[in-house]
**Student:** 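Structure below; questions to follow.
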Amino acid sequence: MRTNISLVSANIREEFASAANAGIEPTLPNAAPCTYVRLWAWPVFALQRIFGSFAISMRRSQTLYIVTAATVLFSMFLGIVFLLQTGLPSADVIAREAAQRPAIRVSDFNPGDVEIVRLNDLPVIVWRRSEADRKLAASQNYPEAWRHQSTQVLGHPAQVFADDANLTLDHEWFFALAKFPSELSYLLLRAGDYGGFLEGRYLAHFDLSGRILKGGGSENLTVINAKYIDDGKSIQLNLTGRP
């Protein structure tokens with residue numbers, strides 16, 4: 001490379017000298033500038049090529065990183081959604097739960113009404129007490145008169161103390177199962193010596209809170225938990241257990 005530069009410089013000097021002797025204004029030959037440009041410009045071109053390739057490589061790496069990260073995040077999102085969906089109850093489970101928690105309309109029962117309705121294939125006593133019923137129930141709420149101090153709640157393993165507050169909804173609504181172990185047993189409403197219920201086969205007398213006080217039979221009536229819903233317009237019964 002150095003030899004080429006020396007030869008070009010010598011040639012230029014000779015041409016300048018000849019032109020000066022001939023009285024002609026010297027000019028650079030066409031080849032000299034091109035050769036000169038090629039000699040000093042190739043490192044610049046090489047650097048541009050290197051840094052340009054590096055920049056392209058960096059852009060490709062960054063793009064690949066972004067695409068990979070987005071794919072991983074999307075896969076995680078799909079996995080979370082799938083897990084949440086598998087944890088949700090299916091339609092048949094929801095329908096079964098709804099059937100086990102039926103609701104009755106408060107307006108369908110007047111104070112003093114008592115009847116046996118069938119809910120979730122179970123005979124259920126629904127008694128909306130009148131003011132006179134409440135007073136009678138309060139007069140019967142003395143533990144020393146009860147045969148059993150505890151009453152079974154449907155779906156609960158432990159019994160509750162047989163106080164009227166534990167067996168009713170606000171002392172106004174009484175819900176219990178009208179079902180006995182024997183298929184020959186039957187229940188009469190507003191009957192017996194205590195104005196509550198009478199089991200006809202064994203002549204078992206119950207008070208208004210379903211506590212057995214006299215006659216055959218050995219257990220109080222199984223009561224059902226209930227609560228107000230729809231701003232007090234309906235009552236939901238919990239029938240999730242089996243007698």
Side-chain angles (χ1 to χ4, degrees), residues 100-106 108-229 232 234-243:
Q100 292 175 344
R101 297 180 182 273
I104 62 171
R105 293 174 59 88
V106 171
D108 290 342
F109 297 85
N110 296 318
D113 287 350
V114 54
E115 60 181 281
I116 297 176
V117 298
R118 196 154 195 92
L119 300 173
N120 197 21
D121 294 329
L122 293 174
V124 176
I125 301 170
V126 179
W127 191 334
R128 184 177 184 181
R129 293 173 176 175
S130 63
E131 188 62 29
D133 295 332
R134 293 189 190 187
K135 291 179 179 180
L136 179 58
S139 67
Q140 299 171 347
N141 200 41
Y142 291 98
E144 57 271 14
W146 307 338
R147 180 183 297 182
H148 302 295
Q149 301 296 308
S150 299
T151 294
Q152 185 68 45
V153 180
L154 181 64
H156 289 252
Q159 295 186 346
V160 299
F161 180 59
D163 184 82
D164 190 72
N166 297 329
L167 309 181
T168 62
L169 181 61
D170 293 342
H171 299 283
E172 181 181 4
W173 294 86
F174 176 77
F175 303 98
L177 288 181
K179 187 174 183 179
F180 299 91
S182 174
E183 295 182 356
L184 300 178
S185 297
Y186 59 94
L187 193 68
L188 300 178
L189 308 178
R190 284 193 179 275
D193 293 347
Y194 303 95
F197 312 95
L198 175 67
E199 193 282 306
R201 182 180 184 188
Y202 297 102
L203 295 180
H205 298 256
F206 300 84
D207 62 12
L208 269 69
S209 299
R211 297 175 293 236
I212 184 169
L213 302 179
K214 181 180 177 182
S218 60
E219 299 293 338
N220 296 338
L221 296 180
T222 299
V223 299
I224 299 170
N225 274 338
K227 64 179 181 180
Y228 289 108
I229 59 174
S234 301
I235 299 176
Q236 186 179 62
L237 282 67
N238 187 351
L239 302 179
T240 55
R242 282 290 176 180

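Both backbone and side-chain heavy atoms feed into the values below; hydrogens, waters and symmetry mates do not. Numbers here simply count residues along the sequence, with the first being 1. Given the structure is predicted, the values throughout are model-derived calculations rather than measurements.
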**Student:** Would you check if the side chain of Q149 reaches a backbone N or O of P143 as a donor-acceptor pair within less than 3.5 Å?
**Tutor:** yes
**Student:** Measure the acute angle between the ring planes of F161 and W146, then classify it against the limits of 30° and 60° as parallel, tilted or perpendicular.
**Tutor:** tilted
**Student:** Taking F109's backbone N and O only, do any of them form a donor-acceptor pair with R128's side chain (distance below 3.5 Å, no angle check)?
**Tutor:** yes
**Student:** Using modelled atom types only, decide if a donor and an acceptor are shared between the side chain of D170 and the backbone of W173 within a distance under 3.5 Å.
**Tutor:** no
**Student:** Rounded to the nearest 0.5 Å, how far apart are CZ of F175 and CG of L239?
**Tutor:** 10.0 Å
**Student:** Quick check: do P102 and Q236 have side-chain heavy atoms less than 4.5 Å from each other?
**Tutor:** no
**Student:** Quick check: does any side chain N or O of R118 sit under 3.5 Å from a backbone N or O of D121, one acting as donor and the other as acceptor?
**Tutor:** yes
**Student:** For Y202, what residues pass the ring-ring contact (aromatic ring centres under 6.0 Å, His included) criterion, not counting sequence neighbours?
**Tutor:** none
**Student:** Any donor-acceptor pair under 3.5 Å linking the side chain of H205 with the backbone of D193?
**Tutor:** yes
**Student:** Can you tell me how far the CG atom of L237 sits from the CG atom of L154, to the nearest 0.5 Å?
**Tutor:** 9.5 Å
**Student:** Can you list the residues that meet the side-chain contact (heavy atoms from CB on, under 4.5 Å) rule with N238, with sequence neighbours excluded?
**Tutor:** R101, N225, T240
**Student:** Rounded to the nearest 0.5 Å, what's the gap from CG on L189 to CD on E115? Could you check?
**Tutor:** 9.0 Å
**Student:** Report yes if the side chains of Q140 and Y194 come closer than 4.5 Å at any heavy-atom pair, otherwise no.
**Tutor:** yes
**Student:** Evaluate the side-chain proximity of I104 to V126: yes if any heavy-atom separation is below 4.5 Å, no if none is.
**Tutor:** yes
**Student:** Return the CG to OG distance between N141 and S209, rounded to the nearest 0.5 Å.
**Tutor:** 6.0 Å
**Student:** Is any side-chain heavy atom of R211 closer than 4.5 Å to a side-chain heavy atom of F206?
**Tutor:** no
**Student:** Look at the side chain of N120 and the backbone N and O of L122, then say whether any donor-acceptor pair between them is shorter than 3.5 Å.
**Tutor:** no
**Student:** With rounding to the nearest 0.5 Å, note down the distance linking CG in D164 to CZ in R134.
**Tutor:** 10.5 Å
